[in-house]
Amino acid sequence: MAYWLFKSEPDTWSWDQQVAKGAAGEEWNGVRNYQARNNMRAMKLGDLGFFYHSNQGKEIVGIVEVSAESHPDSTTDDPRWDCVDIRAVKPLARPVTLEQAKVEPRLAEMVLVNNTRLSVQPVAEAEWKVICELGGL
DNA sequence: GCCAACGTTGGC
DNA sequence: GCCAACGTTGGC
């Protein structure tokens, strides 16, 4: 079991929209970055991830689950780009902000804090537990 | 709205 | 294969 973090601008694709897709989930498409794509290719069915709102909110708002492993991105014919499907699992009781993550010593190595531009990131198990704790789960 | 960080593209 | 130019992301 691995842990991940998916970043999205709420104006483009929000947590509420993700929740509305229900158990079927939705393609996490539109990623045009090799590192992010490689992370998605490494994902297994049932892996969990955080859903992060960039720009507006700048906070982790919920937990998602990989509902389909890597497959071609339906929004392009370019064979380079693959994506996974994810479905909403549950919201955090309290969203965890980027600011909180930055001041938490146990999250000092987190990709979210150190490489803000990567849109699909791996999350270490220890980091996962800290965020869940801060999020009131 | 600005700008820093980063990734990609394309000329040489 | 290097590197400058450019585009995009995302925090502030």
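Residue numbering restarts at 1 for every chain, and letters A, B, ... go by the order of the sequence lines.
Across the protein-nucleic acid pair, Arg32(A) atom CZ and dT8(C) atom C1' stand 14 Å apart, rounded to whole Å. Straight-line distance from the OH atom of Tyr52(A) to the P atom of dT9(C): 15 Å, rounded to whole Å. The distance from atom CZ of Arg80(A) to atom P of dG7(B) is 16 Å, rounded to the nearest whole Å. For the pair His53(A) NE2 and dG10(C) P, the interatomic distance rounds to 13 Å; values are reported in whole Å. Asn55(A) has its CG atom 10 Å from the C1' atom of dC12(C), to the nearest Å. dG11(C) atom C1' lies 15 Å from atom CD1 of Ile60(A), rounded to whole Å. Computed from coordinates, the Glu99(A) CD to dG10(C) C1' distance equals 16 Å when rounded to whole Å. Atom pair Trp13(A):CH2 and dT9(C):C1' shows a separation of 20 Å (rounding to whole Å applied).
Contact annotation: Lys102(A) side-chain N/O to dC12(C) OP1/OP2 distance is under 4.0 Å. Not one side-chain nitrogen or oxygen of Lys58(A) sits closer than 4.0 Å to the OP1 or OP2 atom of dG10(C). Of the side-chain N and O atoms in Tyr34(A), none sit less than 4.0 angstrom from OP1 or OP2 of dC6(B).
Applying the 3.5 Å distance criterion, the base of dT8(C) shares a donor-acceptor pair with the side chain of Arg117(A).
Lys129(A) and Glu133(A) are not joined by a salt bridge, as no carboxylate oxygen comes within less than 4.0 angstrom of a charged side-chain nitrogen.
The heavy-atom pair separating Ala36(A) from Ser119(A) by the smallest distance is CB-OG, 3.7 Å.
Taken from CE in Met43(A) to CH2 in Trp4(A), the straight-line distance is 5.0 Å, to the nearest 0.5 Å.
Ring-plane geometry between Trp128(A) and Phe50(A) is classed as parallel, the angle between the planes falling under 30 degrees on a 0 to 90 degree scale with a further cut at 60.
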